[in-house]
Amino acid sequence: MPMENRGKLVLLLLSFFCVTFFYGCGKDADSKSQREGHIAVRIEEVTLASPGESDPGWEIRSQVLARQFDQGETVLVCAERNEEGSEICLYREGGEKEILVKDVSQEYRGPWYLGKNGTYYITVGKEVIILKDEEICRWETDAQVTDLCELKDGRVILLLEDKEKGMEIAELDPAAGTVIGWSGLKLDANPNQSISAGEDGLLLMDKDGVWKVKNPKIGEEGDGRECIMPFGTAYGPGFQVGDFRVLKDGTVDVLRKDGVLQHLELYAPEQVIVVRTWRGTQWLKHCVDQFNMENKEYYILLEEGQNGGMSETEFLERTAMEIATSKGADIILSDAVYSQVDELVRGGAFEDLVPYMEDSGIQEEDYFPVAFDTWRDGDKVYGVNALVLINGFWMDKEVLGEREANIHTMVEALSEYEGEERIFCEYWSGSMILKYFMLRSEDLWGMVDWDKGTCDFSGELFRNILWISQRYASDGTKGISPVAGWIYDLDNLYTYSAAMEALEGEGRVSVGFLFDDGGKAEVKDTSIVMGISSTSLNKEGAWKFIKYMLSEEVQELFFTDKFAFSGYPTNRKAFEQYAKMAIAEGAIVRRSDGISYRGGDGRKYKELGEEAYRALYDPTEERMTALRKQLEEVRAYPMYTMPLVNIIVEEAGAYFSGDKELDQVVKIIENRVQLYLDEHY
């Protein structure tokens, strides 16, 4: 439906929540202040060698216990097993190997820390084990020990996590075995924090930055820390920090547990491109890091709502508010606007990207259709999909019978079913069932005439949809069998097709989501759709980053070990490269960083056994062909149907609760939808 036929949308300004995003060492800031000199973090990184991990039988031979900075260099502590038994070994940068402990017991395989003068610390749950000259001391704390370090003056500092108190820093007195709390320091409850020994005291790293920590006395004002390096949203340490250090020039080295050494430094970027998302994937963050390292003209600053101290609902409403009032980020991802995309697009909030595509030589035929169709309106494209996840849907064959799945046959089957009590889908309310049946038709199954601007909900089909939505709604009672459910693609690229194969043996059939031309797989809402704000001051830079995300080389990065294969590339060549690699490797892949089970994890492998596991999950040519077909056909629901469906669902609630009769609710829905059409079309 062309934009010019829709009329002018009057955007309703949403309530503004008095909350802020947090940037850099706890300082509040808004998008405007970021553009005017926010200090970001530039990242360089290198992957360190891991001795022993590539040897035959490595998966049982070597276990990394610690990566740490020691005496100015990076060291690796491993538990190793050979023909003679088990031992704890230390590897230094030059590859030198030192045996620390021989004939070790299983309890020594917790996280290690190298102290001074041959002292070693092992943390196991709430216990700290101290080794030195064959002497073993054990001290029990009252909370989980998540990190440990030894300061230059010999004090042993613990980072503790308590279910009631949250995170706290404490000092261990090895002589007395007691724990001394640091009373003046207040930490976030988030366990994603680390401690390290600095030149003149303790250092703390959290999501906001690197801090120099004081040891305040009871009653002292302030929380006892001073910011050394603010992260903003440009860098997040993650859960994989093994150790970190602050160098004399003020830069920071972060040594991750996976062997990646990252070097961080502060700088004031000249042109900042702000990208807003609710929850950034590891692949997105990696792409941001790589772009920032490779590009000297623009700098990408990633805003993650989940790190901003607000709920997801508040974040979505604030994002819509800022866009409507010509503020906010340059690039908006789909999970930051969700169901409000249609209203924002029709209100002129997003740039049409077709001119940018034409200038850049990007051809739609080089991508699966979903790359440009997710936020398409006629011949205009308001968002591009760099990475897509797919949802499918199944239905019990006992209920559907031999019917071919479409809106009429599924409604008919559910209306006529007379078997035992069933629900439609686990935990689905009547409103969710109603949305499933109504959302994906371009004209709501003929009930809306967009050209004339009229609607008619008096037909039998709509009444039956309302009735089955009420009949099959779940009230949370367990033990009632569903007639339908999700097919997820969360495991790996090709397992969507494998999952459909498995359905046949369970008496189920794939029905997909109901579009006008039948059941299709649907774009999952966590896919990475990116649009450029029409009020952005850096549209050229914003497009440069989106173009970078669409490139074959960058999309191929997603299929490396660290990103766990959880998605589909929209670039056809990138998909073919992965398909070729996956077929060659098979279902069970042994790589330098561990075993990858393409169907999920090792538990399924152990449950089924190797032969059955391979039969179910091997990425064969046939399965790749089926997946390729899914990627050609996968759809997103029409943007402009959501406002109408929201009206329908809202008013249907009175019928589901028994407060109003069916005829009364149908009439109210028809009147409200007609009013919406009169105002907007």
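Of the N and O atoms on the side chains of Y356 and E351, at least one donor lies less than 3.5 Å from an acceptor on the other residue. In the model, T319 has a side-chain atom that pairs as donor or acceptor with a side-chain atom of R276 under 3.5 Å. Residues S441 and D516 have side chains that bring a donor and an acceptor to within less than 3.5 angstrom of each other.
Using cut-offs of 30° and 60° on the angle between ring planes, the pair F315 and W278 is tilted. Taking the six-membered ring where the residue is Trp, W428 and W486 present perpendicular rings, their angle passing 60° and hence far from 30°. Ring orientation note: the planes of Y417 and Y472 are tilted relative to one another, at an angle of 30° to 60°. The aromatic rings of F372 and Y367 lie perpendicular to each other, with more than 60° between the two planes, well past the 30° mark. Between W450 and Y640, the two ring planes are perpendicular [angle over 60°; tilted spans 30° to 60°].
For E421, the CD atom counts as loosely surrounded, since its 6.0 Å shell holds 12 or fewer non-hydrogen atoms of other residues, nucleotides or ligands. K539 NZ: more than 12 foreign heavy atoms inside a 6.0 Å radius. The environment of CD in E365 is crowded: more than 12 heavy-atom neighbours from other residues, nucleotides or ligands sit within 6.0 Å.
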Report task. For salt bridge (charged side-chain N to carboxylate O under 4.0 Å, His left out), just list the numbers for R572 and E632, CA-CA rounded to whole Å, side-chain angles, deciding distance to a tenth of an Å, and then say yes or no. Result -> CA-CA 10 Å; R572 294 182 189 273; E632 294 289 355; 2.4 Å; yes
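Taking a cutoff of 4.0 Å between a charged side-chain nitrogen and a carboxylate oxygen, K667 and E661 do not qualify as a salt bridge. Ion pair R318/E322 flagged as a salt bridge, since at least one NZ, NE, NH1 or NH2 atom sits closer than 4.0 Å to an Asp/Glu carboxylate oxygen. Salt bridge R376/D373: present, at least one basic N to carboxylate O contact under 4.0 Å. Between E398 and R508 there is no salt bridge, since no side-chain nitrogen of the basic residue lies less than 4.0 Å from a carboxylate oxygen of the acidic one.
The minimum heavy-atom distance between Q555 and T570, with the atom names listed, is OE1-N, 3.0 Å. Between C287 and M549, the shortest heavy-atom contact is CB-SD, 3.5 Å. The two residues M530 and L353 make their nearest non-hydrogen contact at O-CD1, 4.1 Å. Contact between F437 and L414 at its shortest, heavy atoms only, is CZ-CD1, 3.7 Å. The two residues S474 and I423 come nearest to each other via the heavy atoms CA-CG2, 3.9 Å.
Taking the six-membered ring wherever Trp is involved, the centroid distance between the rings of Y578 and Y568 does not fall below 6.0 Å.
Evaluation of the salt bridge (Lys or Arg N to Asp or Glu O under 4.0 Å) rule for K629 yields E633 as partners, not counting sequence neighbours. Under the side-chain hydrogen bond (donor to acceptor under 3.5 Å, both in side chains) criterion, E412 pairs with R403, sequence neighbours left out. Residues satisfying the salt bridge (Lys or Arg N to Asp or Glu O under 4.0 Å) criterion with D659, sequence neighbours excluded, are absent altogether.
Figure legend: R635 and F515 shown as a cation-pi pair, the cationic atom lying under 6.0 angstrom from the six-membered ring centre and within 45 degrees of its axis.
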